[in-house]
Amino acid sequence: MKSSDRARLALASLLLATAPAMAADYVQAPGSTLVFASNYQGETFTGKFGSFTTTMSFDPKQLATSKLDVAIQLAGTQTGNKDRDDTLVSADFFNVGKFAQARYTATKFRALGGNQYAADGTLSLRGASKPVTLTFTWTPGAQPVLTGKATVKRLDFGIGGGDWADTSTIPNDVAISTKVVLKPRP
């Protein structure tokens with residue numbers, strides 16, 4: 001081997017050795033859920049969004065390069081009550097005619113101990129973008145699972161304004177929970 005070839009090989013090896021490690025890339029797999037819970041006049045109800053798609057780059061040892069992107073289709077949101085479902089997609093709430101999708105993105109992750117983490121991200125909903133923290137458990141494996149929770153303040157996004165803004169009728173805090181089964185990105 002020529003000395004110039006050895007020099008190039010040594011340089012390439014050095015560059016690879018000093019390159020920052022990247023988190024593993026995943027896409028959502030079947031079996032994933034995204035649900036919410038709230039109250040209406042003291043009665044607790046739960047619902048699920050029409051559909052959602054998750055992409056994630058994550059490695060517990062490389063939090064600085066981790067990313068999360070969740071696109072949420074608001075049409076088709078169901079709570080098991082037709083009147084409530086119709087109201088949720090109306091202009092007073094999600095306004096799906098104008099804002100068909102919500103999106104959650106996070107690029108800042110924190111370790112909370114054990115297999116617990118927090119993603120400090122931004123929720124874009126109904127034309128507003130606000131910080132939301134998702135706390136989650138990471139279960140590694142061939143198909144890793146993210147199981148998480150967040151609280152969204154609905155009035156920050158104009159959800160249920162006007163007559164619906166009364167927090168004694170519907171609380172401002174909405175509990176979000178998710179279980180995302182992931183698989184390596186093809």
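All values derive from a computational prediction rather than experimental measurement.
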Worked verdict on N39 versus T44 for side-chain hydrogen bond (donor to acceptor under 3.5 Å, both in side chains): CA-CA 4 Å; N39 288 289; T44 299; 2.7 Å; yes
From R103 atom CZ to T53 atom OG1, the distance as rounded to the nearest 0.5 Å: 8.5 Å
Nearest non-hydrogen partners of A119 and A106, listed with the distance: CB-CB, 3.9 Å
Inter- and intrachain pairs under side-chain hydrogen bond (donor to acceptor under 3.5 Å, both in side chains), touching residues 72-84, at least two apart: Q73-Q101, T79-R84, T79-D85, K82-D86
S66 (side chain) donor-acceptor with Q62 (main chain) under 3.5 angstrom: yes
Residue pair A150 / V132: nearest heavy atoms and the distance that separates them: CB-CG1, 3.9 Å
L146-I176 co-clustered via ILVMFWY side chain contacts under 4.5 Å: yes
Test side-chain hydrogen bond (donor to acceptor under 3.5 Å, both in side chains) applied to Q116 and T137, step by step: CA-CA 5 Å; Q116 305 287 314; T137 301; 2.8 Å; yes
Side-chain (T178) to main-chain (T33) donor-acceptor, under 3.5 angstrom: yes
Cluster overlap L134 with L112, hydrophobic side-chain contacts below 4.5 Å: no
From K108 atom NZ to L63 atom CG, the distance as rounded to the nearest 0.5 Å: 11.5 Å
Sequence neighbours excluded - salt bridge (Lys or Arg N to Asp or Glu O under 4.0 Å) pairs with any residue from residues 147-166: K153-D173
For F52 against S32, the heavy-atom pair lying closest together: CZ-CB, 3.7 Å
Check: Y26 and S57 side chains under 4.5 Å, non-hydrogen atoms: no
CA sep, side-chain torsions, deciding dist, call: T147, V145, side-chain contact (heavy atoms from CB on, under 4.5 Å): CA-CA 6 Å; T147 306; V145 177; 3.6 Å; yes
Derivation and outcome, side-chain contact (heavy atoms from CB on, under 4.5 Å), residues Y40 and T87: CA-CA 12 Å; Y40 175 64; T87 301; over 6 Å; no
Salt bridge (Lys or Arg N to Asp or Glu O under 4.0 Å) contacts touching residues 112-127 (sequence neighbours left out): R110-D120
Atom pair CD1 (I159) and CG (L88), whose distance is rounded to the nearest 0.5 Å: 8.5 Å
Note, L125 side chain near L74 side chain (heavy atom, < 4.5 Å): yes
Check: W138 and D59 side chains under 4.5 Å, non-hydrogen atoms: no
Straight-line distance of I170 CD1 to Q41 CD, nearest 0.5 Å: 8.5 Å
Pairs satisfying ring-ring contact (aromatic ring centres under 6.0 Å, His included), at least one member in residues 89-110, at least two apart: F58-F109, F93-W164
Side chain to side chain donor-acceptor pair (under 3.5 Å) partners of D92, counting only residues at least two apart: none
Flag side-chain contact, heavy atom, 4.5 Å: L155 against N172: yes
Point-to-point distance, once rounded to the nearest 0.5 Å, from OG of S51 to CG of L34: 10.0 Å
Heavy-atom check, side chain of V152 versus side chain of F36, under 4.5 Å: no
Derivation and outcome, side-chain contact (heavy atoms from CB on, under 4.5 Å), residues L68 and T54: CA-CA 7 Å; L68 176 63; T54 305; 3.7 Å; yes
N95 side-chain N/O to S90 backbone N/O, donor-acceptor pair under 3.5 Å: no
Steps toward side-chain contact (heavy atoms from CB on, under 4.5 Å) verdict (L182, M56): CA-CA 8 Å; L182 298 158; M56 186 172 195; 4.0 Å; yes
Verify same cluster id: V89, F49 (apolar side-chain graph, 4.5 Å): yes
Heavy-atom side-chain proximity of K130 to L123 below 4.5 angstrom: no
Set of residues satisfying side chain to side chain donor-acceptor pair (under 3.5 Å) with respect to T167, sequence neighbours excluded: none
